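Structure, as structure tokens:
Remember, predicted model here, so these are calculated numbers, not experimental data.
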Amino acid sequence: MPTKKIATDSGIEIKEVYTSQNSVESDPSLPGEFPFTRGVQSTMYRGKLWTMRQYAGFSTAEESNKRYHYLLSQGVSGLSVAFDLPTQIGYNSNHPLADGEVGKVGVAIDSLEDMEKLFEGIRLENVSTSMTINATGFILLAFYTALAKKQGADLKLITGTIQNDILKEYAARGTYIYPPRQSMRIITDIFEWCSTDLPKWNTISISGYHIREAGSTAVQEIAFTLSNGKAYVKAALEKGLDINVFGKRLSFFFNAHNNLFEEVAKFRAARRMWAKMMKELGATDEKAMMLRFHTQTGGSTLTAQQPLNNISRVTIQTLAAVMGGTQSLHTNGYDEALSLPTEEAAKVALRTQQIVAYESGVPDTADPLAGSYFVETLTNEVEKAAWQLVEKIDALGGSVAAIEEGFMQNEIASSAYRYQQQIESGEKISVGVNKFQTEELNKPPGFKIDDSIQKLQTAKIESLMQKRDNAKVAALLKELTEAAEGTKNIMPIVVRAAENYCTLGEIADTLRKVFGEYR
């Protein structure tokens with residue numbers, strides 16, 4: 001009697017059993033060796049555990065600062081900043097389009113003054129900070145740099161990451177400002193400036209996370225992300241930058257979902273593919289071929305129904321990320337399908353990482369699933385399917401052209417639609433949603449942000465504008481206009497604008513007038 005066919009969400013069929021006869025040979029390379037299938041360090045977590053981050057940011061800088069001090073006291077080894085929507089799309093908190101959104105999905109940062117409050121009592125030399133910011137990434141990096149200089153920090157020692165991946169915004173997320181080609185110019189300016197002024201800073205975190213959250217499969221996530229990475233590398237090469245220098249500061253950001261083995265295979269395949277891509281693009285230093293990545297557990301997998309079940313989901317996803325060789329990890333709170341995470345949920349999420357790190361034995365050896373008939377075969381099949389998509393994007397002229405033609409957007413939308421159909425038909429089971437439902441009487445308390453935050457931020461902006469040197473501000477914004485109209489790197493001017501308390505909205509609007517807005 002024929003058995004039922006089972007496939008991953010990417011459509012890769014899973015055999016009933018894997019043996020040496022029907023499986024591929026395992027990759028002969030060792031961890032820390034090209035093409036890095038087995039990890040980017042020879043000892044992996046025996047040498048150093050992954051960085052444990054908790055994504056946090058809400059309300060005002062002062063309120064978020066309290067959460068950061070709490071997380072640091074609980075054992076996080078790196079901060080990860082969430083910004084509100086007005087900050088993400090370049091509007092000050094007092095802009096009409098910011099109404100109802102200030103401080104809601106992240107912290108409101110309008111100027112260096114807010115950045116000073118956000119990191120009050122925290123030495124930037126002593127923490128690694130990841131900032132999930134794209135269209136205005138260059139402005140937030142300028143605020144962070146200005147603060148580091150005020151603290152007397154050595155900029156050569158400042159570490160962290162700005163997401164700065166605008167291509168996935170057009171394909172999947174939507175918080176863009178400027179047209180694609182002008183956005184690419186800003187990104188290459190950041191690459192160039194950081195290579196001399198902020199050499200340890202990761203200048204971009206090329207993000208598959210949001211592509212997956214928008215509904216892509218695991219295969220699409222790495223294919224589209226690596227294609228975007230290739231587009232950034234080509235843009236930097238066209239600007240005359242050295243791939244062996246800027247290549248070492250590229251990092252990636254991936255999602256971890258519930259299919260444990262497909263996720264591990266995805267991470268292994270992505271490393272191998274990126275190493276080959278970078279070699280073909282001209283990298284000769286193996287460190288510039290390494291795919292280093294941050295992982296966040298899957299927000300779209302969390303359910304509002306029976307939210308405590310999400311702790312189990314996050315645990316599976318944590319195991320996938322660690323067995324897949326992540327360098328940094330954020331675990332979601334169990335209540336995030338309902339609201340921003342409460343302090344209790346954030347603590348449970350961090351403890352999940354700590355239990356895997358210190359009690360599970362999973363970090364004790366590098367690439368623990370290597371040699372598994374199933375995982376090695378699945379790694380190859382994920383890689384093969386992803387290369388087919390990469391080749392389609394290359395044939396269209398690369399990521400920018402593929403996005404402009406709507407190719408990536410349509411592929412993601414089709415996958416999301418298929419997945420939803422499978423949930424609604426019951427073909428795919430989501431525990432507590434379409435099977436094993438129960439009547440829920442006691443939902444966890446939500447964490448909501450008050451609308452009065454906008455009034456507080458508006459008062460701060462008005463006060464700032466009265467006490468700063470407004471003639472200096474006007475001169476700097478004029479200088480920024482001239483640099484944007486020409487070919488001069490804008491970053492040194494943006495940093496000086498930040499130091500002189502130009503606001504985020506003023507800097508973003510100056511470039512809106514030159515570059516236009518993408519519609």
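At distances below 3.5 Å, at least one donor-acceptor pair connects side-chain atoms of Q409 with backbone N or O atoms of I403. With hydrogens and angles ignored, the 3.5 Å screen pairs a side-chain donor or acceptor of E221 with a backbone N or O of N255. Remark: side-chain polar atoms of N310 are not paired, donor with acceptor, to backbone N or O of L302 under 3.5 angstrom. With K104 contributing its side chain and G100 its backbone, the two residues share a donor-acceptor pair below 3.5 Å. In terms of modelled atom types and a separation under 3.5 Å, the side chain of T136 and the main chain of L504 share no donor-acceptor contact. Between the side chain of Q305 and the backbone N or O of V433, no donor-acceptor pair lies under 3.5 Å. In this structure a side-chain-to-backbone donor-acceptor pair under 3.5 Å is present from T342 to A345. Not a single donor-acceptor pair under 3.5 Å links the side chain of S64 to the backbone N or O of A61. A distance-only check finds no donor-acceptor pair linking the side chain of N164 to the backbone of G137 [under 3.5 Å]. Side-chain N or O atoms of T203 include none that pairs as donor or acceptor with a backbone N or O of I190 at under 3.5 Å.
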Inset, instruction - Test S93 against Q454 for side-chain hydrogen bond (donor to acceptor under 3.5 Å, both in side chains), laying out the working first. - result: CA-CA 6 Å; S93 296; Q454 186 169 17; over 6 Å; no

Inset, instruction - Report the C-alpha separation of N228 and I211 in whole Å, then their side-chain angles, then the decisive distance to 0.1 Å, and conclude whether the side chain to side chain contact (heavy atoms under 4.5 Å, CB included) test is met. - result: CA-CA 11 Å; N228 288 349; I211 289 170; 4.3 Å; yes

Legend entry - side-chain hydrogen bond (donor to acceptor under 3.5 Å, both in side chains) assessment of T295 paired with T326: CA-CA 6 Å; T295 310; T326 194; 2.7 Å; yes

Inset, instruction - Please step through ring pair (Phe, Tyr, Trp, His ring centres under 6.0 Å) for the pair F138 and W193, ending with a clear verdict. - result: CA-CA 11 Å; F138 68 106; W193 179 77; over 10 Å; no

Inset, instruction - Verify side-chain hydrogen bond (donor to acceptor under 3.5 Å, both in side chains) between T503 and D110, making sure each step is shown before the conclusion. - result: CA-CA 6 Å; T503 66; D110 291 309; over 6 Å; no

Inset, instruction - Assess whether side-chain hydrogen bond (donor to acceptor under 3.5 Å, both in side chains) is satisfied between Q327 and T51, documenting all intermediate values. - result: CA-CA 6 Å; Q327 278 59 69; T51 301; over 6 Å; no

Inset, instruction - I would like to know whether F191 and W201 meet ring pair (Phe, Tyr, Trp, His ring centres under 6.0 Å); could you show each step before the answer? - result: CA-CA 10 Å; F191 287 1; W201 192 266; over 10 Å; no

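Side-chain contact between R313 and S430 is present, with heavy atoms from C-beta onward closer than 4.5 Å. Taking the side chain as every heavy atom from C-beta outward, I493 and R496 approach each other to under 4.5 Å. Counting heavy atoms from C-beta on, the side chains of D84 and V107 never come closer than 4.5 Å. For the pair T60 and Q457, the minimum side-chain heavy-atom distance is below 4.5 Å. At a threshold of 4.5 Å between non-hydrogen side-chain atoms, the residues K230 and S399 do not count as touching. A heavy-atom distance below 4.5 Å is found between the side chains of L389 and Q220. Between E263 and L319, every side-chain heavy-atom pair lies at or beyond the 4.5 Å cut-off. A heavy-atom distance below 4.5 Å is found between the side chains of V219 and I12.
Residues forming a side chain to side chain donor-acceptor pair (under 3.5 Å) with S216 (at least two apart in sequence, or on another chain): none. Under the side chain to side chain donor-acceptor pair (under 3.5 Å) criterion, E424 pairs with Q420, not counting sequence neighbours. Y68 meets the side chain to side chain donor-acceptor pair (under 3.5 Å) test with no other residue; sequence neighbours excluded.
Note on ring orientation: taking the six-membered ring where Trp is involved, the planes of Y91 and H95 are tilted (angle from 30° to 60°). Note on ring orientation: taking the six-membered ring where Trp is involved, the planes of F253 and Y209 are parallel (angle under 30°, cut-offs 30° and 60°).
Screening residues 401-414 for salt bridge (Lys or Arg N to Asp or Glu O under 4.0 Å) gives R181-E404 as the qualifying pairs, with residues at least two apart or on separate chains. Applying the ring-ring contact (aromatic ring centres under 6.0 Å, His included) test to residues at least two apart or on different chains, the pairs with a partner in residues 169-190 are Y170-Y176, Y170-Y518, Y176-Y518, Y178-F515. The ring-ring contact (aromatic ring centres under 6.0 Å, His included) pairs that include a residue from residues 393-427 number zero, where partners must be two or more places apart or lie in different chains.
The two residues I243 and V233 come nearest to each other via the heavy atoms CD1-CG1, 3.7 Å. Across all non-hydrogen atoms, the minimal contact from Q353 to R53 is NE2-O, 3.5 Å. The two residues N434 and I423 make their nearest non-hydrogen contact at ND2-O, 2.9 Å. Closest approach of A497 to L476, counting heavy atoms only: CA-CD1, 3.9 Å. The shortest heavy-atom contact between A98 and N92 is CB-O, 3.7 Å. Closest approach of G103 to A108, counting heavy atoms only: N-CB, 4.3 Å.
More than 12 heavy atoms of other residues, nucleotides or ligands sit less than 6.0 Å from atom NZ of K428. More than 12 heavy atoms of other residues, nucleotides or ligands lie within 6.0 Å of NZ in K239, so this atom counts as buried by the packing criterion.
A salt bridge links E63 with K66: the closest approach of a Lys/Arg side-chain nitrogen to an acidic carboxylate oxygen falls below 4.0 angstrom. Taking the charged nitrogens against the carboxylate oxygens, R418 and D9 have no contact shorter than 4.0 Å, which rules out a salt bridge. Classification of E383 and K276 as a salt-bridged pair holds, one side-chain N sitting under 4.0 Å from a carboxylate O. Under 4.0 Å is where a charged nitrogen must lie from a carboxylate oxygen, and between R185 and D189 at least one such pair does. The existence of a salt bridge linking K460 and D114 is confirmed by a sub-4.0 Å separation between a basic side-chain nitrogen and an acidic carboxylate oxygen. We find that E517 and R519 are joined by a salt bridge, their nearest charged nitrogen and carboxylate oxygen being less than 4.0 Å apart.
Atom OG1 of T129 and atom CG of L141 lie 11.0 Å apart (nearest 0.5 Å).
Shown are F252, W50, F254; of these, the ring pair (Phe, Tyr, Trp, His ring centres under 6.0 Å) with F293 is made only by F254.
In the model, N258 has a side-chain atom that pairs as donor or acceptor with a side-chain atom of Q317 under 3.5 Å.
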